[in-house]
Amino acid sequence: MKETRVSIQTYDEQGLRFEYPSDWVLEETEDGSVRTVAVQAPDGLGFTVIQTDDSRPDPAEIADAALQAMRDDYPEVGAQPVLETINDHAATGHDLEFVALDMTNAATIRCFRTPRRTILVLGQWSDMGDAELPELIRDVVLSIEETE
């Protein structure tokens, strides 16, 4: 089996740090207390969106609202609830599977609260993308940490 090495870049701005593949495109937006950072694979078949909210809403409510938004767009989405730890923070969320544009897609929603903010993460990939996409997105999610 061929081993592929991925060059990694670190995002480290406004108290948020995470690692992502260096060939992915990064976009940032800010709206009041909410900051969104998105990284997307060059082929567009995988991405991760990280949203921080300094007003600290309840993580379970935010994760469920993200799931509902996905269900609004994809009524046949299958979802499994998930609890896991991301850098010592208890995260709640869902693992999803759905079909869009005749492609099977999967997504992961995770949300946790720190003393400073609530962090929502949505990672999504298509089965038409690189076989490494699920692992690359998982690595982004697990690398998220608050630095201030």
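Just so it is clear, the structure is predicted and the values come from calculations on it, not from any experiment.
Heavy atoms only, all atoms of each residue included: I144 and I119 are closest at CG2-CG2, 4.4 Å. Shortest non-hydrogen contact noted between S126 and L133 is O-CD1, 4.4 Å. The shortest non-hydrogen separation linking P115 to E146 is CD-OE1, 4.3 Å. Residues G123 and I137 approach most closely at CA-CG2, 3.7 Å, considering heavy atoms. Nearest heavy atom pair, residue F98 against residue A107, reads CE2-CB, 4.2 Å.
Open room surrounds CD on E135; 12 or fewer heavy atoms of other groups in view lie less than 6.0 Å from it.
Between the side chain of D31 and the backbone N or O of V34, no donor-acceptor pair lies under 3.5 Å. No side-chain donor-acceptor contact under 3.5 Å links R113 to the backbone of T118.
Q68 and D72 share a donor-acceptor pair across their side chains, judged by distance under 3.5 Å alone.
Between Y20 and Q9, some side-chain heavy-atom pair lies under the 4.5 Å cut-off. Taking the side chain as every heavy atom from C-beta outward, L45 and M103 approach each other to under 4.5 Å. For the pair T92 and F112, the minimum side-chain heavy-atom distance is 4.5 Å or more. When side chains are defined from C-beta on, L16 counts as touching I50, because their heavy atoms get closer than 4.5 Å. At a threshold of 4.5 Å between non-hydrogen side-chain atoms, the residues L122 and F47 count as touching. By the 4.5 Å heavy-atom criterion applied to side chains, N105 and D127 are not counted as neighbours. A heavy-atom distance below 4.5 Å is not found between the side chains of F18 and T10.
For residues 16-29, the pairs satisfying salt bridge (Lys or Arg N to Asp or Glu O under 4.0 Å) are D12-R17, R17-E145, E28-R35, with sequence neighbours left out.
When each of V37, V39, T36 is checked for a side-chain contact (heavy atoms from CB on, under 4.5 Å) with V49, only T36 meets the rule.
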Test E97 against Y74 for side-chain contact (heavy atoms from CB on, under 4.5 Å), laying out the working first.
CA-CA 10 Å; E97 290 185 2; Y74 310 102; over 6 Å; no
Go through the steps for M70 and Q124 under the test side-chain contact (heavy atoms from CB on, under 4.5 Å), then give the verdict.
CA-CA 11 Å; M70 292 295 289; Q124 184 175 315; 3.6 Å; yes
Before giving the answer on side-chain contact (heavy atoms from CB on, under 4.5 Å), spell out for V121 and T108 the whole-Å C-alpha distance, their side-chain angles and the decisive distance to 0.1 Å.
CA-CA 8 Å; V121 186; T108 182; 6.0 Å; no
Should L67 and R71 be marked as a side-chain contact (heavy atoms from CB on, under 4.5 Å) after you check the CA-CA gap, both sets of side-chain angles, and the distance that decides it?
CA-CA 6 Å; L67 172 60; R71 284 187 168 144; 3.6 Å; yes
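L96 and V99 fall into different hydrophobic clusters, where Ile, Leu, Val, Met, Phe, Trp and Tyr are joined by side-chain heavy atoms under 4.5 Å apart, directly or via other members. Side-chain heavy atoms closer than 4.5 Å link hydrophobic residues (I, L, V, M, F, W, Y) into clusters, and following such links, even through other members, never connects L136 to V25.
D64 contributes atom CG, which lies 9.5 Å from atom CD1 of I62 (distance to the nearest 0.5 angstrom). Residue H94 holds its NE2 atom at 9.5 Å from SG of C111, rounded to the nearest 0.5 Å. To the nearest 0.5 angstrom, D43 atom CG is 14.5 Å from W125 atom CH2.
Between R117 and D53 no salt bridge is recorded (no basic side-chain N to carboxylate O distance below 4.0 Å).
Under the side chain to side chain contact (heavy atoms under 4.5 Å, CB included) criterion, A90 pairs with no residue, sequence neighbours left out.
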Considering only distance and modelled atom types, tabulate donor-acceptor pairs under 3.5 Å from the side chains of residues 75-84, sequence neighbours left out.
{"unit_1": "E84", "atom_1": "OE1", "unit_2": "R138", "atom_2": "NH1", "d": "3.3"}
{"unit_1": "E84", "atom_1": "OE1", "unit_2": "R138", "atom_2": "NH2", "d": "2.8"}
{"unit_1": "E84", "atom_1": "OE2", "unit_2": "R110", "atom_2": "NE", "d": "2.5"}
{"unit_1": "E84", "atom_1": "OE2", "unit_2": "R110", "atom_2": "NH2", "d": "3.4"}
{"unit_1": "E84", "atom_1": "OE2", "unit_2": "R138", "atom_2": "NH1", "d": "3.2"}

